[in-house]
Student: 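Submitted below is the structure of interest, expressed as structure tokens.
These values consider heavy atoms only, across backbone and side chains, with no hydrogens, waters or symmetry-generated copies.
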Amino acid sequence: MAQILLIHSNKNVHDLITINLTTYLGAHIIPRATGEEAMALMEILPHVDMIVTEAQLTIDGAIENTAEKLMRFIDDHHLDTELVIMGNIEGGKASSLKNGLIVNNPIDWEGAVDAASKILGITLDDLKKKITPEYVPIAAIFFHALHSSPCDVFIRIKQAEGQYQYLKRMHSDDTFDLKDIQRYESQGLKFFFILKSERDAFATYVSNALVLRLEEEIIEASADLDPASQIPVLGESYDLAIRSIMEQGLNVSTIQLADTVIQGMISTTERSKVLGPLFRQIIGLPTGHLFKKGQITLMVALEILKLKNPILGLPSKEDATAKMAYAAFFADLKIAQHEDVEEIEQIVLLDYPDLNHITSMNENLKGMILNHALDGALFIRRNPDAPLDVDIIVKQHHGAINGSGFKTEYVQLASLSRLFILCEAFARQFIYYSEKGRTDRPIILDMQDRFQGHPTMEILVKALQEALKQRETRG
């Protein structure tokens with residue numbers, strides 16, 4: 001039986017690698033949290049067959065170049081231990097890897113299992129027959145909008161390292177409510193499981209349920225209904241729509257769901273009589289920064305478009321509304337694919353003034369952040385329902401005409417891109433001040449400081465100030 005040290009910070013990826021290497025390759029897995037822990041073990045247990053590890057780990061805020069340390073340790077001790085490295089090694093040091101393979105994506109568990117199988121002499125055909133577990137995880141939050149399921153639902157009980165038992169907890173004809181799901185969550189459950197063969201049917205079922213809920217409670221709701229009462233439903237639906245797109249990509253169900261959420265964002269914005277209470281309602285939601293930033297960005301943008309000021313060089317509100325709404329929904333989709341939820345909450349509030357902080361991050365994270373605008377633009381082009389040129393707004397929403405990096409090329413950008421940049425900057429600052437409890441400085445002053453010296457943006461800042469004043473007067 002092969003002995004394999006496994007080092008991975010993402011629990012889901014760690015578990016998937018463990019169960020596949022244990023069940024299908026017959027390996028004995030020894031988990032370790034860091035490279036230092038692995039080397040300490042190898043001092044007393046030098047004949048480990050293989051190490052599967054992330055290239056880099058973040059430990060107490062500091063970067064550990066885990067793969068580089070292990071490569072040096074293996075060389076210094078003249079060991080035959082094979083390495084499967086998940087992620088890129090900085091500085092071109094990958095060429096010095098003597099025994100092992102590199103999987104470029106740090107969360108590609110299938111690639112890691114495939115690499116381990118090659119090293120251990122298992123053929124790819126054998127592995128493909130076995131690699132996929134019978135059950136697939138479904139985040140518990142997806143059940144919040146449901147009262148029944150189209151398929152049987154299971155929970156997973158751990159029996160031993162890498163070994164699990166699946167127990168049926170809901171039948172396809174059962175009914176349940178939110179309290180039933182919350183009871184499981186209160187006990188620490190984050191995922192239910194369904195048979196892999198049922199995954200597509202379940203995804204369509206969830207999408208249809210969310211669309212129906214949004215149509216009944218927001219889009220087709222009475223005009224007298226306070227928009228603030230609709231925000232919690234919209235925020236939860238937004239989060240679920242983003243999750244669905246990340247897991248399934250763009251298909252008929254996820255496109256329909258995204259479009260309905262976007263229509264809900266527009267409807268809620270246009271029906272609100274005053275901004276302040278709605279802003280505070282949004283900030284108080286248990287949803288993440290993605291929805292809060294997107295919704296506030298859209299609300300502020302539509303207020304500026306209402307001015308119909310020809311000096312701004314903007315298209316009509318009728319022409320621009322859908323474009324701004326789609327951009328607000330899709331702009332940071334690629335960031336949402338990051339595995340660390342806490343890091344996502346910080347990353348979505350980063351902007352050009354934070355460039356020095358961004359460039360000091362590890363290469364994988366830095367690359368994702370600096371290229372997410374371009375990646376998002378390429379992704380939204382695959383959505384046939386997206387308005388024409390919305391991909392340009394997404395590509396340019398950090399000030400770079402080509403979508404790469406955080407820049408201040410404002411004069412070269414499309415007019416709606418400039419509008420989006422300003423409104424998103426306002427939204428970021430509003431979220432930041434609200435969470436810090438700051439009331440000592442009007443945000444408009446920050447916008448004036450931020451865009452000083454950029455005439456095309458200074459005009460928009462003045463328009464923002466005018467729009468907010470007019471809104472207060474109308475309210």
Student: Step by step, would you call D351 with H398 a side chain to side chain contact (heavy atoms under 4.5 Å, CB included)?
Tutor: CA-CA 7 Å; D351 200 4; H398 280 297; 3.2 Å; yes
Student: Taking all non-hydrogen atoms of both residues into account, name the closest pair between E424 and D332 and its distance.
Tutor: OE2-OD2, 3.9 Å
Student: Is the shortest heavy-atom distance from the side chain of L370 to the side chain of S404 under 4.5 Å?
Tutor: no
Student: Nearest 0.5 Å, what's the CD1-OG distance between I443 and S434?
Tutor: 6.5 Å
Student: Indicate yes or no: does K462 engage E458 in a salt bridge with an N to O separation below 4.0 Å.
Tutor: no
Student: Going by atom types only, do T254 and N251 share a side-chain donor-acceptor pair under 3.5 Å?
Tutor: yes
Student: Report the distance from atom CD1 of I335 to atom CD1 of I347, rounding to the nearest 0.5 Å.
Tutor: 6.0 Å
Student: Which heavy-atom pair separates L290 from A336 by the least distance, and what is that distance?
Tutor: CD1-CB, 3.7 Å
Student: CD of Q396 to CD1 of I401: how many Å apart, nearest 0.5 Å?
Tutor: 5.5 Å
Student: Could you report the tightest heavy-atom contact between L83 and A67, atom names first, then the distance?
Tutor: CD1-O, 4.5 Å
Student: State the CG-CD1 distance between D385 and I380, to the nearest 0.5 angstrom.
Tutor: 10.5 Å
Student: In sequence, state the C-alpha distance, the side-chain angles, and the governing distance for I141 and L240, and then conclude on side chain to side chain contact (heavy atoms under 4.5 Å, CB included).
Tutor: CA-CA 8 Å; I141 191 173; L240 290 174; 3.6 Å; yes
Student: May I ask you to check whether Y410 and F451 place their ring centers less than 6.0 Å from one another?
Tutor: yes
Student: Hey, is CG on D60 packed in by over 12 heavy atoms from elsewhere, all under 6.0 Å?
Tutor: no
Student: At what distance, to the nearest 0.5 angstrom, does CG of L307 lie from CG of L302?
Tutor: 11.5 Å
Student: Can you name the nearest heavy-atom pair linking A258 to I245, along with the distance?
Tutor: CB-CD1, 4.0 Å
Student: How long is the span from the CG atom in L374 to the CG atom in L378, to the nearest 0.5 Å?
Tutor: 4.5 Å
Student: Indicate yes or no for a side-chain donor-acceptor contact from Q230 to the backbone of E217 under 3.5 Å, with no hydrogens or angles considered.
Tutor: yes
Student: Within the distance-only criterion (no hydrogens, no angle test), does the side chain of N362 pair as donor or acceptor with the backbone N or O of L365 below 3.5 angstrom?
Tutor: yes
Student: Does the side chain of H144 come under 3.5 Å of the side chain of E185 through a donor N or O and an acceptor N or O?
Tutor: yes
Student: Centres of the F142 and Y205 rings: under 6.0 Å?
Tutor: no
Student: Could you check if a side-chain atom of I19 sits within less than 4.5 angstrom of a side-chain atom of W109, using non-hydrogen atoms only?
Tutor: no
Student: Quick check: do V52 and I7 have side-chain heavy atoms less than 4.5 Å from each other?
Tutor: no
Student: Whether E247 and R199 form a salt bridge (side-chain N of Lys/Arg under 4.0 Å from carboxylate O of Asp/Glu) is what I want to check.
Tutor: no
Student: Between L305 and L419, is there a side-chain heavy-atom distance shorter than 4.5 Å?
Tutor: yes
Student: Is the closest side-chain donor-acceptor distance between S9 and E54 under 3.5 Å?
Tutor: yes
Student: Are more than 12 heavy atoms, taken from residues, nucleotides or ligands other than K190, located less than 6.0 Å from that residue's NZ atom?
Tutor: no
Student: A side-chain contact here means heavy atoms from C-beta on lying under 4.5 Å apart; do L210 and T260 qualify?
Tutor: no
Student: Would you call R243 and D239 a salt bridge, taking side-chain N to carboxylate O under 4.0 Å as the test?
Tutor: no
Student: Testing K292, R428, Q429 one by one against L349 for a side-chain contact (heavy atoms from CB on, under 4.5 Å), which residue passes?
Tutor: R428
Student: Can you find a heavy atom in the side chain of F191 that is under 4.5 Å from one in the side chain of N12?
Tutor: yes
Student: Side-chain donor-acceptor pair under 3.5 Å between T66 and E64, yes or no?
Tutor: yes
Student: Determine, step by step, whether K469 and I444 satisfy the side chain to side chain contact (heavy atoms under 4.5 Å, CB included) criterion, reporting the C-alpha distance in whole Å, the side-chain angles of both residues, the deciding distance to 0.1 Å, and the verdict.
Tutor: CA-CA 11 Å; K469 283 183 179 179; I444 196 69; over 6 Å; no
Student: So which heavy atom on P106 is nearest to which on M86, and how close?
Tutor: O-CE, 3.4 Å
Student: Whether the side chain of D108 engages the backbone of G111 through a donor-acceptor N/O pair (distance < 3.5 Å, no angle test) should be reported.
Tutor: yes
Student: Keeping H8 on the side-chain end and N10 on the backbone end, is there a donor-acceptor pair under 3.5 Å?
Tutor: yes
Student: Any heavy-atom pair between the side chains of I283 and Y433 that's under 4.5 Å?
Tutor: no
Student: Closer than 3.5 angstrom, by distance alone: can the side chain of T321 be matched with the main-chain N or O of E318 as a donor-acceptor pair?
Tutor: no
Student: Does E303 pair with K306 as a salt bridge, N-O distance under 4.0 Å?
Tutor: yes
Student: State whether the side chain of R418 and the backbone N or O of L413 hold a donor-acceptor pair below 3.5 Å, judged by distance alone.
Tutor: yes
Student: I'd like to know if the side chain of S267 reaches the main chain of G264, judged simply by a donor and an acceptor atom lying under 3.5 Å from each other, with no hydrogens or angles considered.
Tutor: no
Student: Taking ring-ring contact (aromatic ring centres under 6.0 Å, His included) as the cut-off, I'd like each qualifying pair that reaches into residues 310-330, sequence neighbours left out, listed once.
Tutor: Y238-F329
Student: Give me the atom names and distance for the closest heavy-atom approach of T269 to M299.
Tutor: OG1-CG, 3.4 Å
Student: Can E435 and H289 be said to form a side-chain hydrogen bond (donor to acceptor under 3.5 Å, both in side chains), step by step?
Tutor: CA-CA 11 Å; E435 294 182 349; H289 287 153; 2.7 Å; yes
Student: Is there side-chain contact between E215 and V211, with at least one heavy-atom pair below 4.5 Å?
Tutor: yes
Student: Step by step, would you call L21 with V113 a side chain to side chain contact (heavy atoms under 4.5 Å, CB included)?
Tutor: CA-CA 7 Å; L21 293 183; V113 174; 4.2 Å; yes
